[in-house]
Each structure stands twice: as C-alpha cells, then as structure tokens.
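Accompanying notes for the structure given below.
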Amino acid sequence: MHTLRAAFGFFSRLPVGHFYGSSENPFQGVLKWIPVVGLVIGALAATLTWAATLVLPSLVCGVLACVIWEALTGGLHLDGVADCGDGLLPETPPERRLEIMKDSRLGTFGGAALFLTLLLKIAAMTALVQMRSPWLLMSAFIMAGVLSRSCIFLTLPYRTARPGGLGEAIRNGTRPWHAIPAIILVAVGCVLTPLHGLLAVVVAVVVTESLLVTARKRLGGVTGDVFGCLIETIEWLTLTVFCIRF
C-alpha cells in the first residue's frame, strides 16, 4: 500500500497525499503500480468525457477529454515531450542534447512536438466520442493509460544517459518482476478488445523500441524525459488505433 500510494502521488494528481517513497530510493517498487495508475486515469477520463457527451458537441468533448486527462496527470509527461523534441530532433552532440533537455526554456522543436502531441490526442479523442460507443471509449482510454505506462518496462535494458537523474532513480528502483501487473493488465485488455488491443500492443512495442534506440544513439541512453515522451506518444497512438473501424 505504501508503494501504491507513492505511485498515485507522483504519477497523478489524485488526492492521495504527497508523494513519498523509501529513504534510500523514493521510487523503490513504485513503478510496478504505474499501469494501475494509468487504468484509473483512463477510466476517470472516459467516464467524465462520456458524461460530457450528453450535453456538449463532439469536438468540445474531445478537447475537454484531453484537458481532463492532463489535469489528472498534472501534465507531468508533457514536459518530456517538449524536452525530447528540443533534445532529440536537432543535429547536435550528445552532451549538448542533454544540456538542452535540462534547460527549462521551450525551443522550436519542443514547441512543435508538444503542439502536435496534444493535437493528435484531441483528434483521436474526438473521433472516439463521435463513434457514440461508451464501451469503445472506455476501453480505448483505459488501454491507452495502461499500455503507455507498461511500455516503461521495455526501457530497463537500456542504460541511463544522466547519472543521478530521475530516469536512473526509477530504473534502480525497478526489478523485472515488477512488470507482472503490467503484463496481466495488458493481456486482459487484449482479451476484451482483441483486434484493437493486439494491434495497439504491436504498434506500441515497435514505436517504443524505435524511440529507445534513437535515445541511445543521440543521448547515450534514456532519461526521465524519454519516459514522459514515451508515455504521451503511446497514449495518442493507442487512442488512434482504437479509432480504426474493423
């Protein structure tokens, strides 16, 4: 329960109290609960969005859904999108990339990455609302929350690019068996939504590995910003996959 509360306290803005962890590493064992955090965020966002469809047009509901989603996470992962845009896209030495990503100022590439990420998420959410299926909306939102955060476990084989940073703390506090809840939740999602779920998993794995290989090549490893960028990217990709009509 200690690590569960810590997971919700850091990875969401739900009223569970302030984030706290062990004295040695505040992220010790916390990551195993991150798929559960994604499940709760997805379920809450879907419920509130569907309630909004009863009185509001689709486009407004799509924008509102994105606002609700980012409010539940506190926009935590959007910073990673902006920093990765500024650090990974321009042509510059690895050391300079890490300096750029640590800088709080927003550059052109980061602004473009942030804008496109939010635009794609809003577009996918609006399309799901227009399909008028509460089951599809709920399953898409939950799968997006669970799968995006489960992909963090694929980063474990990669070294960290910034010693002493957030990425290293999360990695050092995580063990392979911590991925068991993620595997179970993703498997259940695939059983309940076989076509969309399985396709979303394939897309997520391919994109995750591509992003991680790029980070290793351009940064020398992964960072906390890469984690955030990965989560946001897999979220809108999963939502988009659920928009496909089979």
Side-chain angles (χ1 to χ4, degrees), residues 11-12 32-54 56-73 77-78 81 116-155 179-212 227-246:
F11 293 108
S12 80
K32 68 174 176 285
W33 297 114
I34 192 173
V36 179
V37 175
L39 185 153
V40 173
I41 289 173
L44 286 175
T47 301
L48 294 174
T49 300
W50 186 252
T53 64
L54 302 178
L56 295 172
S58 299
L59 181 57
V60 177
C61 290
V63 176
L64 185 61
C66 187
V67 171
I68 292 171
W69 192 289
E70 298 306 335
L72 290 172
T73 63
H77 310 301
L78 290 176
V81 174
L116 291 173
T117 294
L118 291 173
L119 185 63
L120 288 165
K121 183 177 285 189
I122 290 172
M125 288 176 166
T126 301
L128 288 167
V129 168
Q130 291 175 336
M131 290 181 177
R132 301 296 177 184
S133 170
W135 164 252
L136 182 64
L137 183 71
M138 180 65 73
S139 58
F141 277 43
I142 290 179
M143 195 64 172
V146 171
L147 183 56
S148 60
R149 286 150 180 81
S150 297
C151 285
I152 294 297
F153 291 99
L154 296 177
T155 68
I180 292 177
I183 295 172
I184 293 174
L185 289 177
V186 171
V188 171
C190 289
V191 171
L192 296 178
T193 58
L195 295 178
H196 290 104
L198 289 173
L199 180 57
V201 170
V202 172
V203 171
V205 171
V206 171
V207 172
T208 296
E209 289 298 332
S210 299
L211 178 59
L212 294 177
F227 293 165
C229 182
L230 175 61
I231 288 175
E232 287 287 343
T233 301
I234 301 304
E235 280 178 354
W236 70 258
L237 278 171
T238 302
L239 293 170
T240 301
V241 167
F242 272 79
C243 293
I244 299 175
R245 298 180 184 272
F246 288 104

Handout entry: Student check: side-chain heavy atoms of Leu78 and Glu70 closer than 4.5 Å
Key = yes

Practice task
Say whether, by atom type as modelled, one donor and one acceptor occur between the side chain of Thr53 and the main chain of Trp50 under 3.5 angstrom.
Solution key: yes

Problem - Inter-residue atom distance Leu239.CG - Ile234.CD1, 0.5 Å rounding - result: 11.0 Å

Completion exercise
Value for CE (Met125) from CD1 (Ile68), rounded to nearest 0.5 Å, stands at 9.0 Å

Problem - Exercise: identify the closest heavy-atom pair between Leu72 and Ala45 - result: CD1-N, 4.0 Å

Please list, one pair per line, the donor and acceptor atoms closer than 3.5 Å that link side chains of residues 185-196 to other protein atoms, with sequence neighbours excluded.
from	atom 1	to	atom 2	distance (Å)
Thr193	OG1	Gly189	O	2.7
His196	NE2	Ile244	O	2.7

Practice task
Please test Trp69 against Phe141 for ring-ring contact (aromatic ring centres under 6.0 Å, His included), starting from the C-alpha separation and ending with a verdict.
Solution key: CA-CA 10 Å; Trp69 192 289; Phe141 277 43; 5.6 Å; yes

Exercise for the section: Would you mind reporting whether Thr73 and Phe11 have side-chain heavy atoms less than 4.5 Å apart? Expected result: no

Handout entry: Reported CD1-to-OG1 distance for the pair Ile142 and Thr238, which is rounded to 0.5 angstrom
Key = 13.0 Å

Handout entry: Nearest non-hydrogen partners of Leu137 and Ala46, listed with the distance
Key = CD2-O, 3.8 Å

Exercise for the section: List the steps, then state whether side chain to side chain contact (heavy atoms under 4.5 Å, CB included) holds for Leu199 with Val203. Expected result: CA-CA 6 Å; Leu199 180 57; Val203 171; 4.2 Å; yes

Handout entry: Shortest non-hydrogen separation from Thr126 to Ser58 and the atoms involved
Key = CG2-O, 3.8 Å

Handout entry: Test applied, side-chain contact (heavy atoms from CB on, under 4.5 Å); reference residue, His77; option that passes from Thr117, Leu230, Ile231, Thr233
Key = Ile231

Fill in the blank from the handout: Taken to the nearest 0.5 Å, the spacing of Ile152 CD1 from Arg149 CZ works out to 9.0 Å

Exercise for the section: Rounded to the nearest 0.5 Å, what's the gap from CD1 on Ile41 to CD on Glu235? Could you check? Expected result: 8.0 Å

Fill in the blank from the handout: Taking every heavy atom of Phe153 against every heavy atom of Pro35, the minimum-distance pair comes out as CE1-CG, 4.3 Å

Problem - Pairwise side-chain contact, Ser139 with Phe242, heavy-atom cut-off 4.5 Å (strictly under) - result: yes

Exercise for the section: Indicate yes or no: at least one non-hydrogen side-chain atom of Val202 is less than 4.5 angstrom from one of Leu198. Expected result: no

Exercise for the section: Flag the pair Val207 / Leu237 as yes when at least one side-chain heavy-atom distance between them is below 4.5 Å, and no otherwise. Expected result: yes

Exercise for the section: Would you give the length of the straight line joining atom SG of Cys151 to atom CG of Leu211, rounded to the nearest 0.5 angstrom? Expected result: 10.5 Å

